[in-house]
Amino acid sequence: MSELADEYRLEYFEEEGFERKECPSCGAHFWTRDHGRETCGEPPCEEYGFIENAGFDDEYSLEEMREAFLSYFEDHGHERIEPYPVAANRWRDDVLLTQASIYDFQPLVTSGETPPPANPLTISQPCIRMQDIDNVGKTGRHTMAFEMMAHHAFNTREDAPDEYAYKGEVYWKDETVELCDGFFDSLGVDLDEIIYIEDPWVGGGNAGPAMEVIFRGVELATLVFMSMEQDPDGEYEMKDGNRYSPMDTYIVDTGYGLERWTWVSQGTPTVYEAVYPDMIEFLKDNAELEHTDDEEQLIHRTAKLAGHMDIDEAEDMETARGEIAAELDVDAGELEALMEPLEDIYAIADHCRTLAYMLGDGIVPSNVGTGYLTRMVLRRTKRLCDTVGVDAPLDELVDMQAKRLDYKNRDTIRDIVRTEVEKYRETLERGGRRVEAMAEEYAEKGEPIPVEELIELYDSHGLQPDMVEEIAADAGAAVDVPDDFYSLVAKRHETPEAADEDEDEDERFEDLPETEKLYYDDQQRTQFEAVVLDVFEREESYDVVLDQTMFYPEGGGQPADQGTLSTDDTTVEVEDVQIEDGVILHRTDESPGKGEFVKGQVDGTRRRQLMRHHTATHIVIHAARQVLGEHIRQAGAQKGIESSRIDMRHYARISREDVKRIESLANDIVMDNTAVTQEWPDRHDAEAEHGFDLYQGGIPPGEQIRLIHVDDDVQACGGTHVARTGDIGAIKVLNTERVQDGVERITFAAGDAAIQSTQRKEDALYEAADVLDVSPADVPETAERFFEEWKGRGKEIEDLKEQLAAARAGGGGGGEEVDIGETTAVIDRIDADMGELRATANALVEEGKIAVLGSGESGAQFVVAVPDDSGVNAGEVVGELASRVGGGGGGPPDFAQGGGPNVADLDAALEDAPDVLRQVQDA
RNA sequence: GGGCCCAUAGCUCAGUGGUAGAGUGCCUCCUUUGCAAGGAGGAUGCCCAGGGUUCGAAUCCCUGUGGGUCCA
């Protein structure tokens, strides 16, 4: 780390008279103008110095502070950029949530492949950090949702190759620190109080020098100078133990926590009171929380020390609280009773804001991905509300924040929250019953509920151990929750690492030029001419590379085209088409010959169906959006010839009514016969105009992206489309299903396939109508009547069988009667089903007789029933008889069944029955 | 994307390969006519669907459908 020390010797520090010092308490190196200063100024080395001692000239609200920051940097040459969604997985697949402003520009801008939207730029980016969840409310400074205000500059080295999307240096370390100082100065801060702590940064494969900016005990900004990348041979070893070397791009990545700045400007005891004063008032009032003046005093004094409460750093909550209580000379229990409800309320306010961001940006709760995180936050919030006694509906609380954040989809947000709360209530109710039953069982045995059961309850039924404890206590059962409970759960999920199949990159195509894509020029054409650049032999086929092609390679959920390539001498079949690094490979059955001039013919019927389905996909999702809500977003799609399917994020099942409306809307668009158009705008312009909803089917790279317009719908898409919506002919929804919670799949057919699928369904209906001998319209009613009658007859038959059995037993209808000891046994062959045999046997037993009945109806079967105290074990008898027909049997001692495949031996077995009975009785 | 759990009477659920059950609700009657009252009797069911194993499957195995839950 010492190797980086030179990185902090800035000319700006020199000119401004800064001094480099080492903190005697924690050992950190820091820069300050105040030559008398000793410690680094950050907790735990120092306490907060701004509480009830606001640090700036004026108090700022959240909105005012954001504006002050953005306009300061605008005035200093930065362009203001609109924030990105909190769901970072909308433009990158390596993370779920936006955790910092730099996430907006990873990976394509930071790597230099795509230019930034502006350079330098300033932004206030909403972020969510789930890892802070346990600290929220308790430390007074942690929030799960926050805005990271930032200024970024993207630079490349003078000697870097020409391949980067931006060139040269905008500004670097000195200017960054100067701007930071300048912003403090603009708020009226005495610059002697600002401390810059050296704290090298590592993350996501990059690293660089960085500084924490401290003012009155609180970290207000982080200035990161991203300039290195991971490299086993690198000259710098960083704190993560890896080696790093300098890279061609170097980027100014700063973060100024909007909430912290707002807080410091007001000097309130906690950040929460500065950021959501109205909501906290509301919650306190709703939970009927009131404090005396003395208690208020104590709360304020606690707040100043609360920096020590950090779940990660402090040993545990209780210890930290104990220390604070000792320092304030109050009872730890009393302090806890006073602070805990307040902490819950702070957390509720924060969590509601988190939910507003998540749901406002269109995340749908689910059991996967961001949807799962959203569900976790929502349930946690609901629990906190119940604990502290807030009885206002959760959707109202979330709406308060959504309104403040100016989201337009507030009705949907409320609807989702209500649905989720209801689902959670049902889960708890179900779980509660389960725990009650289990608790009673263990209470009876006088044992505690074992850990295995606890893990099962949590993992499969979503019940927190403390909730189980609570419910079980009512039933008088003890619960022993181990400290490492959650790691035990984690252990249960451990699976042997699946060997990841590394795709062997084909390097044969590296020297070939990118194939010219003719299919975008005119999507309706199916013929073209080209030159064969190369042919590669595969196991049972050939990969043909052309200079240009009309063949569409598999991509974006659209299957590849098929067709032929012809020379003067031969015609080869194109069976599959793939694209690798811009080179399109035509997989053929024969080689057309390298250097040949070929005529290509795409299978037009197949392509037309694919185009219909692709355009129809856009139309269906557009229609679904109008019917189900603006949150509808594609979660996957697959086009086909016969049918296509799209998966979309939605929080409820799609009803039959919804389907009908979607279908009608989709066909309205078809019948309008509007033009389907494409354009290739600059990606940043497109994003600015249409937002990230463009990227329904994935994020294409490059500076220009292809947009497809259908009706009002705009999507980034690389597929082929029909010219006018009328070309689709018709759209028919075939099926809907829930792929996973929060993801609904619609399967549909377009064009010919729509007609055919409708005909197939009608055929089925007509056939059913024919069988029932009624008109199709009467099928449902008739089917119901038949089903009811069928059930009625079943009951009647059961009834008659019993009567028959009773009659047979009473009337001595055939069958051999033998005396077995003091009991009479009836041995008979009745070729009937098991039910009838059983009924007859029961009737005989009623009369005090042993019944040995055989049937040859389906295989050889026996029923043996005996009255009490006959001294015969029915199971043994059946076992013996069944073995004679090649099978087995068994059952309780008074009623046994069995059989075997050899019907021919049935009569012989029955003849032996009296002997068997006597043997068994003697035994 | 992966793991685990569940599907039986209208509802809530027992049922570990051998005659489908309980509580509750429902119907009838009796007793009472005030607090989710008491007593007697009765009806409840394609045990989610399809395949397999077995003499025999609600039960074991596979596939599907519908739901729940945990993790990244």
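Worth knowing before you read on, the calculation uses all heavy atoms, side chains too, and leaves out hydrogens, waters and symmetry mates. If you're wondering where the values come from, they're calculated on a predicted model, not measured in any experiment.
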Can you see if the side chain of A:Thr427 gets near the phosphate of B:U69 - specifically, an N or O under 4.0 Å from OP1 or OP2? yes
Base, sugar-phosphate alone, or nothing: which one does A:Glu737 contact when heavy atoms must sit under 4.0 Å apart? sugar-phosphate
Euclidean distance for C1', B:C47 against B:A58 (whole angstrom): 4 Å
Salt-bridge test for A:Lys382 and A:Asp386: reply yes if a basic N is under 4.0 Å from a carboxylate O, no otherwise. yes
Is the closest basic N to carboxylate O distance between A:Arg383 and A:Asp466 below 4.0 Å? no
From the list B:C46, B:C70, B:G18, which nucleotide is the closest neighbour of the side chain of A:Gln897? B:G18
Contact nearer the 5' end of RNA chain B, comparing A:Glu456 with A:Asp741: A:Glu456
Under 4.0 angstrom between A:Arg430 side-chain N/O and B:G68 OP1 or OP2: no
With heavy atoms under 4.0 Å as the rule, sort A:Gly891 into base, sugar-phosphate or nothing. base
Now, which nucleotide makes the Watson-Crick or G-U wobble pair with B:C4, with each of the two distances under 3.5 Å? B:G68
For a quick check of understanding: with a heavy-atom distance under 4.0 Å over all strands, which category does A:Met376 fall into, base, sugar-phosphate or nothing? sugar-phosphate
Atom pair distance, as rounded to whole Å: CZ in A:Arg433 and P in B:C5: 20 Å
Nearest-Å distance for atom pair CG/P, residues A:Leu488 and B:C4: 18 Å
When you measure from the side chain of A:His461, which nucleotide among B:C70, B:G67, B:C5 comes out closest? B:C5
Between A:Tyr458 and A:Tyr486, does the ring centre distance come in under 6.0 Å? yes
NA contact type, A:Phe787, heavy-atom cut-off 4.0 Å: base, sugar-phosphate, or nothing? base
Between B:A9 and B:G52 - C1' atom distance, rounded Å: 29 Å
Whole-Å distance separating the NZ atom of A:Lys795 from the P atom of B:C46: 9 Å
Give none if B:U32 has no partner; otherwise give the nucleotide forming a Watson-Crick or G-U wobble pair with it, both distances under 3.5 Å. none
Atom CD of A:Gln740 and atom C1' of B:G68: how far apart are they, to the nearest Å? 14 Å
Inter-nucleotide C1' distance (B:A72, B:C13), Å rounded: 35 Å
In whole angstrom, give me the gap between the P atoms of B:U24 and B:C61. 34 Å
Find which nucleotide of RNA chain B each of A:Trp790 and A:Gly890 is nearest to by heavy atoms, and output the residue with the more 5' nucleotide. A:Gly890
May I ask which nucleotide in the shown strands pairs with B:C47, Watson-Crick or G-U wobble, both distances under 3.5 Å? none
Going by an N to O cut-off under 4.0 Å, is there a salt bridge joining A:Lys791 and A:Glu788? yes
Establish whether the base of B:U69 is bridged to the side chain of A:Asn367 by a donor-acceptor pair shorter than 3.5 Å. yes
So what does A:Gly889 touch, heavy atoms closer than 4.0 Å: a base, only the sugar-phosphate, or nothing? base
Give one of base, sugar-phosphate or nothing for A:Arg884, where a contact means two heavy atoms less than 4.0 Å apart. nothing
Does one side chain, of A:Gln99 or A:Gln131, offer a donor that lies under 3.5 Å from an acceptor on the other? yes
Quick one: look up who B:G10 pairs with, Watson-Crick or G-U, both distances under 3.5 Å, and put none if it's unpaired. B:U24
On a whole-Å scale, what distance lies between the C1' atoms belonging to B:C26 and B:C62? 40 Å
Can you tell me which nucleotide in B:G68, B:G3, B:A72 comes closest to the side chain of A:Lys423? B:G68
Could you check how far CG of A:Leu463 sits from P of B:C6, rounded to whole Å? 15 Å
Reckon A:Gly431 touches a base, only the sugar-phosphate, or nothing at all at heavy-atom distances under 4.0 Å? nothing
Salt bridge or not between A:Glu880 and A:Arg884? Use side-chain N to carboxylate O under 4.0 Å. yes
Is there a side-chain contact between A:Pro893 and A:Asn873, using heavy atoms and a 4.5 Å cut-off? yes
With ring centroids as reference points, do A:Phe692 and A:Trp91 lie under 6.0 angstrom apart? yes
Of B:G68, B:U19, B:C46, the nucleotide closest to the side chain of A:Asn842 is B:U19
What integer number of Å spans the P atoms of B:G1 and B:U19? 44 Å
Just N and O in the side chain of A:Arg738: are any of them under 4.0 Å from OP1 or OP2 of B:U65? no
Is B:U16 paired to anything, Watson-Crick or G-U wobble with both distances less than 3.5 Å, and if yes, which nucleotide? none
Rounded to whole Å, the NZ-C1' distance (A:Lys791 to B:A9) equals 12 Å
At 4.0 Å (heavy atoms only), tell me whether A:Arg434 reaches a base, stays on the sugar-phosphate, or touches nothing. nothing
Going by centres under 5.5 angstrom and planes under 30 degrees, do the aromatic ring of A:Tyr458 and the base ring of B:C70 stack? no
Round to a whole Å and report the spacing from CG of A:Leu881 to C1' of B:G18. 16 Å
Taking the side chain of A:Arg375 as its heavy atoms from C-beta onward, which of B:A72, B:C5, B:U69 lies nearest to it? B:U69
